[in-house]
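Right, one structure below, let's go through it.
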Amino acid sequence: MQQLLTGKKRLPGFTGEWKKKTLSNVCQIKTGKKDVNEGCENGEYPFFTCAKQHTFSENYSYDCEAILIAGNGEVGKTHYYNGKFEAYQRTYILSDFMNISVFFLLHFIEFFLPLDISKEKQHGAMPYIKLGTLKDFSVVTPPIPEQEAIATVLTTADEEITALESDLARLRQEKKALMQQLLTGKRRVTVD
């Protein structure tokens, strides 16, 4: 991932110069406006806060393709969403992407932003990210076709990891059930 996202390793058939830009040069960056208490369990629209998982809202303020970044709480946690949603006031909304593949940018941010955050996050009662940190975040990009190819490779790898993690969780449950049966004598082992 690091080699593909930095150009140290190129996918076959791609050439061209990689360009360094700031995040504010490739998208709009704004913050949500809602208080976290405006979420509700039965809402129709995703409500992105600074937690690992989104909640819901009865209303929406945004209707766009976006990358959402937690500004405090789960600092730097990212989500991709395309559609109607709501956002907490400490959640950064990246949208209106210019000359960049959204999924390439998502992978780039997920890999490199935690490194920048660990250097620059502000500590107080709760760590947080400053808007300036995001605006000045450096993004190195190849031409768009290569960005899309890299994003496809990394997305496929993520999907495979998710499937393997699901299989692992299922096997752990089976092992737990089998152990319970074996250790209580409900199931006996036959030895030849």
Side-chain angles (χ1 to χ4, degrees), residues 1-6 20-41 43 45-98 100-141 147 150-151 153-155 157-159 161-162 164-166 169:
M1 189 170 179
Q2 183 177 11
Q3 290 179 349
L4 285 175
L5 290 173
T6 58
K20 187 175 184 177
K21 305 171 186 176
T22 61
L23 193 56
S24 61
N25 289 105
V26 298
C27 65
Q28 295 293 315
I29 306 169
K30 52 193 162 217
T31 58
K33 302 291 181 213
K34 300 298 179 177
D35 187 86
V36 74
N37 296 329
E38 292 190 38
C40 67
E41 291 180 21
Y45 306 102
F47 182 23
F48 293 94
T49 64
C50 292
K52 285 184 181 181
Q53 299 296 324
H54 68 75
T55 59
F56 292 92
S57 174
E58 293 177 343
N59 304 303
Y60 70 91
S61 297
Y62 306 94
D63 186 1
C64 60
E65 181 175 39
I67 295 173
L68 300 114
I69 302 173
N72 68 11
E74 289 290 326
V75 179
K77 175 69 179 161
T78 58
H79 297 277
Y80 167 82
Y81 194 75
N82 191 0
K84 297 173 181 171
F85 65 91
E86 192 57 80
Y88 170 56
Q89 58 195 348
R90 302 254 191 261
T91 300
Y92 292 101
I93 304 161
L94 282 54
S95 62
D96 303 317
F97 303 96
M98 301 167 276
I100 193 159
S101 160
V102 176
F103 290 105
F104 174 85
L105 182 60
L106 177 65
H107 288 292
F108 194 93
I109 288 171
E110 287 176 338
F111 189 80
F112 289 106
L113 185 61
L115 302 174
D116 275 22
I117 289 172
S118 66
K119 291 182 220 169
E120 297 187 30
K121 73 180 169 187
Q122 304 299 307
H123 293 281
M126 180 181 289
Y128 63 94
I129 304 172
K130 287 184 177 179
L131 181 59
T133 301
L134 284 181
K135 285 185 174 182
D136 296 336
F137 178 70
S138 292
V139 180
V140 184
T141 63
Q147 290 178 38
I150 290 169
V153 168
L154 297 177
T155 299
D158 283 344
E159 290 167 354
I161 289 168
T162 300
L164 290 170
E165 287 172 341
S166 177

Assess, by modelled atom type and distance only, whether the side chains of T31 and Q89 contain a donor and an acceptor separated by less than 3.5 Å. no
Applying side-chain contact (heavy atoms from CB on, under 4.5 Å), run through V139 and I109 and close with a yes or a no. CA-CA 8 Å; V139 180; I109 288 171; 5.8 Å; no
Checking side-chain contact (heavy atoms from CB on, under 4.5 Å) for the pair L105/Q147: CA distance, chi angles, key distance, verdict? CA-CA 8 Å; L105 182 60; Q147 290 178 38; over 6 Å; no
Counting C-beta onward and ignoring hydrogens, is there a side-chain heavy-atom pair between F108 and E110 closer than 4.5 Å? no
Test item: D35 and E38 side chains (from C-beta on) under 4.5 Å apart, heavy atoms: yes
What distance separates I129 CD1 from I69 CD1, expressed to the nearest 0.5 Å? 6.5 Å
What are the two closest heavy atoms between I93 and A87, and how far apart are they? CD1-CB, 3.6 Å
Where do Y45 and E86 land on the side-chain contact (heavy atoms from CB on, under 4.5 Å) test, with the steps shown first? CA-CA 7 Å; Y45 306 102; E86 192 57 80; 5.6 Å; no
Taken to the nearest 0.5 Å, the spacing of I67 CD1 from F103 CZ works out to 8.5 Å
With a 4.5 Å heavy-atom cut-off, do F104 and L5 have their side chains touching? yes
Is there a side-chain contact between K34 and S57, using heavy atoms and a 4.5 Å cut-off? no
Nearest 0.5 Å, please: how far is CD1 in I100 from NZ in K21? 6.0 Å
To the nearest 0.5 Å, what is the distance between CG (L106) and NE2 (H79)? 10.5 Å
Would you say Y62 and K33 make side-chain contact, with heavy atoms under 4.5 Å? yes
I want to check something: taking the side chain as every heavy atom from C-beta on, are D158 and M1 in contact at a cut-off of under 4.5 Å? no
Quick check, are the ring centers of F137 and F112 under 6.0 angstrom apart? no
4.5 Å side-chain heavy-atom contact, E74 and T49: no
Quick check for you: to the nearest 0.5 Å, what is the distance between N82 atom CG and S95 atom OG? 11.0 Å
Just how far is it from atom CG of N72 to atom OH of Y88, taken to the nearest 0.5 Å? 5.0 Å
Atom of A51, atom of K77 and distance for their closest heavy-atom approach: O-CG, 4.3 Å
Do the rings of F48 and F85 sit parallel, tilted or perpendicular, given the 30° and 60° boundaries? perpendicular
Got T91 and C50 here, is their nearest side-chain heavy-atom distance under 4.5 Å? yes
Minimum-distance pair of heavy atoms, taken over all atoms of Y92 and L131: OH-N, 3.3 Å
Where is the tightest heavy-atom contact between F97 and C27, given as atom of each residue plus distance? CD2-CB, 3.7 Å
Could you check whether atom CD of E65 has more than 12 heavy atoms from other residues, nucleotides or ligands sitting under 6.0 Å from it? yes
Using the rule given for side-chain contact (heavy atoms from CB on, under 4.5 Å), can you reason through K30 versus D96, listing the C-alpha separation, both sets of side-chain angles and the distance that settles it, and then say yes or no? CA-CA 11 Å; K30 52 193 162 217; D96 303 317; 4.1 Å; yes
